[in-house]
Number of protein chains: 2
Amino acid sequence: MSLRFATLGLLARSPGSGYDLLRRFERSMANVWPATQSQLYGELGRLERDGLIEIVDEGARGRKVYDATESGRAALREWLTKESDTTPRSARLLRVFLLPEADPDAAREFFRREEQHAERDLSHLEEILRTNDWADTDHDFGRIALEYGLRFHTMEIEWARWAQKRLGT
Amino acid sequence: MSLRFATLGLLARSPGSGYDLLRRFERSMANVWPATQSQLYGELGRLERDGLIEIVDEGARGRKVYDATESGRAALREWLTKESDTTPRSARLLRVFLLPEADPDAAREFFRREEQHAERDLSHLEEILRTNDWADTDHDFGRIALEYGLRFHTMEIEWARWAQKRLGT
DNA sequence: GCGGACATGTAAGAAGTTACATGATTAG
DNA sequence: CTAATCATGTAACTTCTTACATGTCCGC
């Protein structure tokens, strides 16, 4: 369901074509809920069929501009309000659980790489924090999501160091 | 691929039937990589077809006991060593991004619930930390995974409070 | 006129979920 | 004998990925 509401949510913010949406997905949701072109066009068809979005304009090259309908906006608000249920899978923790099946060197190497990876991710987000202008209240939620990323990667770094220490590197 | 290696990894630790594996998934991997019965039996068939596991015993009620083959163990070690690539999707952050589409009260309520949810999860893990015996080195990686959970939920709580403060609750 | 960006669509397959279906064994 | 547990399998459907396919418009 998430792709459905990601698409609907972007359209609720402002109308656009599948092509537009695809670039919006790449720019703003790549690290949160990536979508492929193939998936997106399929979802747009289904959203329109269900009356949650509608075509508000048609342009050159078969371009179809969609906008969220009132019913779509209501469905979005409802989805935002209700609790989520599914346990997110973690390929990282799965590896940690299975690490005893590899040799001790592989384990140490694993956490060393986790640390480095998290450091790269963190500096990438710190760069975004530095270069963006966060005065605008429209960006407030983007700032909150960014804060999540900053804290998350910081935690990852500390955890990976803790694990290495515990394993006696 | 993850389910494949989760299954293989559990079998590499000790042999078992599909039914056994299912309970092991429920007990030890429910929060990391859940698997349904339907998925598991299918995967066992494919793993055997590919020579990564083999039937080492057959018992009552059609019970088939599988064990990892040498080729399977090698494949597992290789998978544990190479880097993962896919970005994990985050339904939580997706909601945060779309929250401006709901009213301000919904946003505050969202973070309040995030905080409570994380608090429950954290105390659940703290309970596990208290009740388990962590002296055994076989449990070391379980302890490291647990530490991840503890730090993760602590971070979530702090983040949710930070967000509420920022939104002016 | 031609290359690059614009624009949409479909097909095949892997992975995951839910539900259905069937039967054997054992403990009480 | 009968209910619970053991035990495996299949079918239908959704979601996601990768690749293929096709055509238009604009700037140089």
In whole angstroms, how far is the [atom2] atom of [N] from the [atom1] atom of [X]?
{"X": "A/Leu22", "N": "C/dC6", "atom1": "CG", "atom2": "P", "value": "11 Å"}
{"X": "A/Arg61", "N": "C/dA7", "atom1": "CZ", "atom2": "C1'", "value": "7 Å"}
{"X": "A/Tyr66", "N": "C/dA7", "atom1": "OH", "atom2": "C1'", "value": "11 Å"}
{"X": "B/Phe25", "N": "C/dA15", "atom1": "CZ", "atom2": "P", "value": "13 Å"}
{"X": "B/Arg89", "N": "C/dA15", "atom1": "CZ", "atom2": "C1'", "value": "12 Å"}
{"X": "B/Arg46", "N": "C/dA14", "atom1": "CZ", "atom2": "C1'", "value": "8 Å"}
{"X": "B/Tyr41", "N": "C/dT22", "atom1": "OH", "atom2": "C1'", "value": "13 Å"}
{"X": "A/Lys64", "N": "C/dC6", "atom1": "NZ", "atom2": "C1'", "value": "15 Å"}

Earliest and latest nucleotide of DNA chain D, 5' to 3', sitting under 4.0 Å from a non-hydrogen atom of chain A?
D/dT15 to D/dC25
Please classify the nucleic acid contact of B/Ser38 as base, sugar-phosphate, or nothing, using heavy-atom distances under 4.0 Å.
base
At 4.0 Å (heavy atoms only), tell me whether B/Arg4 reaches a base, stays on the sugar-phosphate, or touches nothing.
nothing
Any side-chain N or O of B/Gln39 less than 4.0 Å from the OP1 or OP2 oxygen of C/dA15?
no
Close side-chain approach of [X] and [Y], heavy atoms under 4.5 Å:
{"X": "B/Arg24", "Y": "B/Ser14", "value": "yes"}
{"X": "A/Phe152", "Y": "B/Trp159", "value": "no"}
{"X": "B/Leu125", "Y": "B/His153", "value": "yes"}

Among C/dT17, C/dA19, C/dA7, find the nucleotide with the atom closest to the side chain of B/Gln37.
C/dA19
Quick note, B/Ala60 side chain, CB onward, closest among C/dT8, C/dT25, C/dG16 is C/dT25
Intermediate values then yes/no, side-chain contact (heavy atoms from CB on, under 4.5 Å), B/Ser28 and B/Trp33:
CA-CA 9 Å; B/Ser28 70; B/Trp33 206 274; over 6 Å; no
Identify the residue among A/Arg92, A/Arg151, A/His117 that makes a side-chain hydrogen bond (donor to acceptor under 3.5 Å, both in side chains) with A/Glu156.
A/Arg92
Exercise: identify the closest heavy-atom pair between A/Leu98 and B/Arg13:
CA-NH2, 4.0 Å
Please give me the minimum heavy-atom distance between B/Trp134 and A/Arg166, naming the atom from each residue.
O-NH2, 4.4 Å
